[in-house]
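Let me begin by presenting the structure, written as structure tokens, before commenting on it.
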Amino acid sequence: MNKNLVPLNPEETLPYLNLVSFPPYITLAHLFHAPEGWRTPTRSFPQYALQYVVKGTAIYQIEDKTYTTRQGDLLMHQPNELNAIHTIPGEPYICISLVFHFGGHAMPFQSWARGHHAFGNYLNHPIEGMLTQLVSNYKHLEPERQLKSQGLLLQILAELTIPLRYRAHDSSPHANMNKMILVKNYMIEHFQKPMNYKRLEDISGLSKNYLISQFKACFGMPPIQYLLRVRIQRAKELALQSGLSVSEIAQEVGYSDVHTFGKMFKKKTGISLSEYVSTLTI
């Protein structure tokens with residue numbers, strides 16, 4: 001698609017999006033390598049925009065808030081919010097930029113997201129993989145690839161809704177939310193290591209039962225269940241991309257015993273890792 005649809009109002013983009021007939025409508029999805037000294041003027045778009053930092057650092061200004069974004073950080077701004085970005089001298093900056101809208105409708109969780117821009121760090125998180133897949137599919141003009149991009153965007157938005165819903169319905173101070181993000185990020189960064197609730201209690205300063213209830217309210221599942229999901233996602237990626245054996249993959253995701261890993265994977269996904277690979281490589 002050659003025409004720049006980002007500055008257009010949602011209804012103005014629809015004639016150019018002839019491969020899709022329902023929201024969300026994606027008008028830009030690309031991997032951007034910023035040149036040295038890159039910066040944007042203060043601007044606004046009539047659409048939603050997601051910015052994920054793949055590498056490096058940049059300063060992101062949205063309305064009256066300033067964010068220093070680093071590898072793994074994900075930000076979003078809503079239609080017509082003033083924004084500007086500038087890179088740091090000597091620092092590389094690579095990001096995934098995603099612009100989209102819902103036609104004449106508001107985004108499903110727009111009221112929860114209002115005024116909230118920084119969604120946290122998603123380095124090695126499933127969302128990182130979904131963003132990469134979305135960009136890859138969006139490059140192709142086949143309707144099925146565009147449909148995959150739309151589906152991935154909806155999955156990403158669903159993931160981002162969980163902490164927003166927690167903020168919207170929890171009247172207590174948000175200190176616990178910050179602790180839950182800390183616990184989540186710790187598990188993502190150390191998923192290969194043995195994990196127990198004692199360690200998570202030490203990180204959060206909360207008791208086991210309270211930690212479980214707060215984490216579940218925030219992310220929709222208990223911490224250890226979330227950890228298993230991270231391990232499963234990483235195992236899938238390694239199986240498809242690395243050429244490692246099942247035993248080696250088990251070691252990479254924190255299991256010294258391949259049989260224990262195999263039972264866990266099949267219980268959670270319904271198929272073995274080998275069967276998973278075969279369904280995608282035939």
Side-chain angles (χ1 to χ4, degrees), residues 29-31 33 50 52-56 70-74 92 94-96 98 119-140 144-145 148-149 151-156 158-160 162 181-196 199-200 203 215 219-282:
H30 73 157
L31 181 68
H33 293 249
L50 278 173
Y52 178 76
V53 183
V54 176
K55 183 178 181 181
R70 298 180 175 86
Q71 184 180 19
D73 287 347
L74 178 66
I94 303 173
C95 68
I96 289 176
L98 176 61
F119 281 83
N121 191 279
Y122 290 87
L123 183 64
N124 297 324
H125 186 280
I127 280 182
E128 183 180 55
M130 285 189 278
L131 284 164
T132 302
Q133 292 176 51
L134 192 160
V135 170
S136 176
N137 279 290
Y138 186 76
K139 293 177 181 177
H140 300 272
E144 64 272 18
R145 301 295 286 271
K148 286 181 179 179
S149 293
L152 286 163
L153 174 56
L154 289 174
Q155 289 183 62
I156 292 166
E159 286 285 332
L160 298 180
I162 297 171
I181 292 174
L182 185 65
V183 169
K184 181 201 72 172
N185 288 345
Y186 178 84
M187 290 191 294
I188 291 171
E189 293 168 8
H190 300 90
F191 69 90
Q192 306 98 327
K193 298 180 179 179
M195 197 79 62
N196 57 51
R199 180 59 183 144
L200 301 183
I203 292 169
F215 194 95
F219 298 111
M221 65 189 73
I224 299 304
Q225 188 74 19
Y226 188 91
L227 174 65
L228 291 179
R229 190 178 71 168
V230 172
R231 287 174 169 173
I232 288 170
Q233 179 64 26
R234 183 56 180 155
K236 289 178 177 179
E237 293 170 358
L238 288 171
L240 292 173
Q241 301 169 11
S242 69
L244 296 175
S245 68
V246 175
S247 179
E248 290 170 324
I249 290 172
Q251 294 280 344
E252 287 289 322
V253 299
Y255 288 84
S256 57
D257 178 31
V258 66
H259 299 293
T260 302
F261 165 75
K263 288 180 181 179
M264 179 280 295
F265 190 94
K266 189 163 186 175
K267 180 179 180 181
K268 296 300 181 182
T269 66
I271 58 175
S272 70
L273 184 59
S274 298
E275 290 171 329
Y276 169 76
V277 172
S278 67
T279 62
L280 297 180
T281 55
I282 293 177

Quiz prompt | Side chain Ser149, main chain Tyr138, donor-acceptor under 3.5 Å | solution = yes

Quiz item: What's the shortest heavy-atom distance between Tyr52 and Gly72, and which atoms?
Solution: CE1-O, 3.2 Å

Quiz prompt | Close side-chain approach of Glu252 and Gln192, heavy atoms under 4.5 Å | solution = no

Exercise. Under the salt bridge (Lys or Arg N to Asp or Glu O under 4.0 Å) rule, collect the residues that match up with Glu248, sequence neighbours excluded.
Key: none

Self-check item: CZ on Phe265 to CG on Leu228, rounded to 0.5 Å
Solution: 12.0 Å

Exercise. Could you tell me whether Lys184 sits above the aromatic face of Tyr122, with NZ or CZ closer than 6.0 angstrom to the six-membered ring centre and within 45 degrees of the axis?
Key: yes

Exercise. With the side chain counted from C-beta on, respond yes when Met264 and Ile232 share a heavy-atom pair under 4.5 Å apart, and no when they do not.
Key: yes

Quiz item: Going through the checks in order, is the side chain to side chain contact (heavy atoms under 4.5 Å, CB included) test met by Leu227 and Phe191?
Solution: CA-CA 7 Å; Leu227 174 65; Phe191 69 90; 3.9 Å; yes

Quiz item: Atom CZ in Arg199, atom OH in Tyr186: separation rounded to 0.5 Å?
Solution: 4.0 Å

Quiz prompt | For Thr269 against Ile271, the heavy-atom pair lying closest together | solution = OG1-O, 2.9 Å

Quiz item: Going through the checks in order, is the side chain to side chain contact (heavy atoms under 4.5 Å, CB included) test met by Leu160 and Leu50?
Solution: CA-CA 11 Å; Leu160 298 180; Leu50 278 173; 4.3 Å; yes

Quiz item: What is the distance from atom NZ of Lys55 to atom CD of Gln71, rounded to the nearest 0.5 Å?
Solution: 8.5 Å

Quiz prompt | Shortest non-hydrogen contact between His30 and Val135, atoms and distance | solution = CA-CG1, 3.9 Å

Quiz prompt | Pair Phe215 and Tyr226, ring centroids less than 6.0 Å apart | solution = yes

Practice problem: Any pair with a residue in residues 219-236 that passes salt bridge (Lys or Arg N to Asp or Glu O under 4.0 Å), sequence neighbours left out, goes on the list, sorted by first then second residue, please. | Solution: Glu159-Arg229, Arg234-Glu237

Exercise. Could you tell me whether the side chain of Asn185 and the main chain of Leu182 form a donor-acceptor pair under 3.5 Å?
Key: no

Quiz item: Is the backbone N or O of Ser256 less than 3.5 Å from a side-chain atom of Thr260, with the two atoms forming a donor-acceptor pair by type?
Solution: no

Quiz item: Rounded to the nearest 0.5 Å, how far apart are CG of Asn137 and CZ of Arg145?
Solution: 4.5 Å

Exercise. Might you point out which heavy atoms bring Ala29 and Leu134 nearest each other, and give the distance in Å?
Key: CB-CD2, 3.7 Å

Practice problem: Determine yes or no for a side-chain-to-main-chain donor-acceptor pair under 3.5 angstrom, with Ser247 supplying the side chain and Val258 the backbone. | Solution: no

Practice problem: Specify the closest pair of heavy atoms between Val253 and Ala235, including all atoms of both residues, with the distance to one decimal. | Solution: CG1-N, 3.9 Å

